[in-house]
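Values reported hereafter were calculated over all heavy atoms of this structure, with side chains retained and with hydrogens, waters and symmetry mates removed.
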Amino acid sequence: MKMKKYTAETMVEAMKKVRMDFGDDALILSSNVVKSKGFLGLFKKKSVEVVAGFDEPVSKIEEIVLPPTSLHVERGDDTSAALKKEMSEMKKMLKDMQQAATHSRFPDEVKPLLTHLEKQGLSTNIITELGEHLYDRMKAEKKDFTNEEQLLIVKQLLERQIGELPFGGISFNKKFINVLGPTGVGKTTTIAKIAARALLEKKKKIGFITTDTYRIAAIEQLRTYANLLQVPVEIAYNSKDFEQAIEKLADRDLIFIDTAGRNYKEAKFVEDLTRLIDFSLDMESYLVLSMTSKEEDMRAIIEQFKSFSVEKFIFTKMDETGSIGPMFNLMKDYGIGTAYYTDGQEVPEDITEADSTKLISLLVKGAHDA
């Protein structure tokens with residue numbers, strides 16, 4: 001490995017020097033903020049010292065890491081803001097370097113597809129696995145694949161990864177359909193869409209129970225949908241109300257439960273649910289997640305609901321995002337499939353019963369567009 005030390009006034013300037021010498025495949029081995037000696041201890045000047053190296057492309061993207069830094073800076077708003085900006089720019093540069101390292105060993109023919117999947121938010125591990133599979137196939141068959149052949153191979157590999165998970169809408173084998181999720185993900189509208197289809201297409205007798213008593217607007221919204229569908233709705237403020245609501249709706253084929261929209265990253269709100277709703281009932285539970293949320297936030301929500309038996313995910317607001325890769329990351333990592341995805345506010349039109357083939361086609365759509 002070739003190694004070289006760089007000194008500059010800022011981390012951004014140091015990174016520019018590194019890239020000029022070693023290009024995008026450089027590795028940052030260490031970085032440190034140092035102070036030069038001043039006259040009689042005064043007029044000390046801060047600078048950034050970076051040690052960088054260059055080696056052959058690594059076999060795993062995870063091997064490129066930013067080592068711990070020792071940043072000793074004096075307190076102050078200006079210094080803190082400048083440091084945050086420099087760190088943000090450095091992270092972006094590191095990400096560019098990681099992407100270059102990921103793609104560098106693959107043929108140019110497959111890079112547009114891998115770049116598309118990266119923009120979709122698909123995890124680095126999955127992208128690397130797909131790239132290696134394509135490359136191995138090309139070497140084994142001693143030929144370059146057309147765009148159509150690449151897409152077919154990638155679709156087949158993704159199908160192997162998620163195809164065994166459960167997909168599709170409610171089973172109609174359970175009486176209670178419990179819909180969970182944080183505030184703002186569109187639970188109530190989603191419930192109305194599923195319920196309307198059960199009523200109109202399957203001719204089921206349905207009813208609603210809402211436990212979302214924290215927001216008057218939520219109750220009124222569900223009442224509006226109930227009036228349109230001409231079905232009953234019950235409000236449960238506590239566990240006793242919930243029991244009474246079940247009794248009143250005993251003649252219904254399906255009872256949809258609209259749970260309170262809360263910040264379920266806080267464990268106490270999840271505990272409140274367990275005290276209010278009897279999860280031992282003949283019930284299917286679905287966790288609603290918005291595709292406009294950050295992936296790490298969705299993961300935090302899933303972790304809080306791990307104690308519940310979540311049947312499948314429901315992903316909303318597909319029309320408000322350009323990247324659906326996180327959906328695949330979550331399904332693969334948690335082993336939970338998808339029941340529905342929604343792409344608008346119209347009831348009951350803007351909802352689609354999910355299957356792996358549809359979702360994979362959406363993921364790769366436009367991969368080779370000019």
Side-chain angles (χ1 to χ4, degrees), residues 92 95 115-124 126-127 158 162 165 167-170 177 179-197 212 214-215 217-218 220-222 224-225 228 256 258-265 286-305 310-334 336-369:
K92 184 179 183 303
K95 184 177 180 181
T115 299
H116 170 82
L117 295 175
E118 194 166 53
K119 290 179 179 178
Q120 282 288 328
L122 199 63
S123 75
T124 299
I126 298 177
I127 293 172
L158 288 171
I162 67 169
L165 299 177
F167 284 90
I170 60 175
I177 309 299
V179 183
L180 307 164
T183 184
V185 296
K187 290 194 307 298
T188 304
T189 302
T190 300
I191 286 173
K193 292 174 181 179
I194 301 171
R197 291 196 171 186
D212 194 354
Y214 301 95
R215 298 179 302 131
E220 292 307 313
Q221 184 183 16
L222 189 60
T224 299
Y225 289 133
L228 289 172
F256 291 86
D258 187 8
T259 57
R262 307 295 295 274
N263 178 11
Y264 287 115
K265 287 190 285 187
Y286 297 85
L287 181 57
V288 182
L289 300 167
S290 170
M291 288 304 299
T292 59
S293 301
K294 294 179 181 178
E295 183 175 333
E296 55 264 38
D297 291 337
M298 288 192 279
R299 288 183 183 275
I301 296 298
I302 296 169
E303 289 296 326
Q304 290 288 14
F305 282 97
V310 174
E311 193 82 13
K312 297 167 194 168
F313 295 131
I314 297 175
F315 290 99
T316 61
K317 306 185 181 183
M318 290 272 283
D319 56 320
E320 298 180 29
T321 182
S323 55
I324 63 171
M327 177 194 301
F328 287 81
N329 302 339
L330 297 175
M331 287 192 292
K332 186 173 185 294
D333 290 349
Y334 288 96
I336 298 175
T338 298
Y340 304 95
Y341 58 89
T342 72
D343 54 2
Q345 296 296 312
E346 294 297 320
V347 178
E349 292 84 359
D350 296 333
I351 188 169
T352 302
E353 195 167 322
D355 66 53
S356 57
T357 302
K358 289 178 185 175
L359 293 176
I360 291 170
S361 295
L362 285 174
L363 180 70
V364 301
K365 183 179 180 181
H368 291 292
D369 289 350

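- At distances below 3.5 Å, not a single donor-acceptor pair connects side-chain atoms of Ser323 with backbone N or O atoms of Gly325.
- Under the 4.5 Å side-chain criterion, counting only non-hydrogen atoms from C-beta, Tyr341 is not in contact with Ile324.
- Here Phe328 contributes atom CZ and Leu165 contributes atom CG; the two are 10.5 Å apart, rounded to the nearest 0.5 Å.
- Here the side chain of Lys317 pairs no donor or acceptor atom with the backbone of Thr292 at under 3.5 angstrom.
- With contacts defined as side-chain heavy-atom distances shorter than 4.5 Å, the pair Arg197/Lys193 does not qualify.
- Between Ile194 and Ile177 the shortest side-chain heavy-atom distance does not fall below 4.5 Å.
- The pair Glu295-Arg299 counts as a salt bridge, with a side-chain nitrogen and a carboxylate oxygen less than 4.0 angstrom apart.
- Leu289 places a side-chain heavy atom less than 4.5 Å from the side chain of Ile302.
- Rounding to the nearest 0.5 Å places OG of Ser290 at 11.0 Å from CD1 of Ile301.
- Looking at heavy atoms from C-beta onward, Val347 lies in side-chain contact with Tyr225 at the 4.5 angstrom threshold.
- Two residues are said to be in side-chain contact when any heavy atoms from C-beta on lie closer than 4.5 Å; Asp343 and Asp350 meet this criterion.
- Between Lys312 atom NZ and Tyr286 atom OH the span is 5.0 Å, to the nearest 0.5 Å.
- With rounding to the nearest 0.5 angstrom, the CG atom of Leu363 is 6.0 Å from the NE2 atom of His116.
- Under the 4.5 Å side-chain criterion, counting only non-hydrogen atoms from C-beta, Met331 is in contact with Leu359.
- Taking CD1 from Ile191 and CD1 from Ile351, the interatomic distance works out to 10.5 Å, rounded to the nearest 0.5 Å.
- Note that CZ of Phe315 is 4.5 Å distant from OG1 of Thr338, once rounded to the nearest 0.5 Å.
- Thr316 contributes a side-chain N or O that, together with a main-chain N or O of Val185, makes up a donor-acceptor pair within less than 3.5 Å.
- By the 6.0 Å contact criterion, CD on Gln345 is open, its count of non-hydrogen atoms from other residues, nucleotides or ligands being 12 or less.
- Between Lys358 and Phe167 the shortest side-chain heavy-atom distance does not fall below 4.5 Å.
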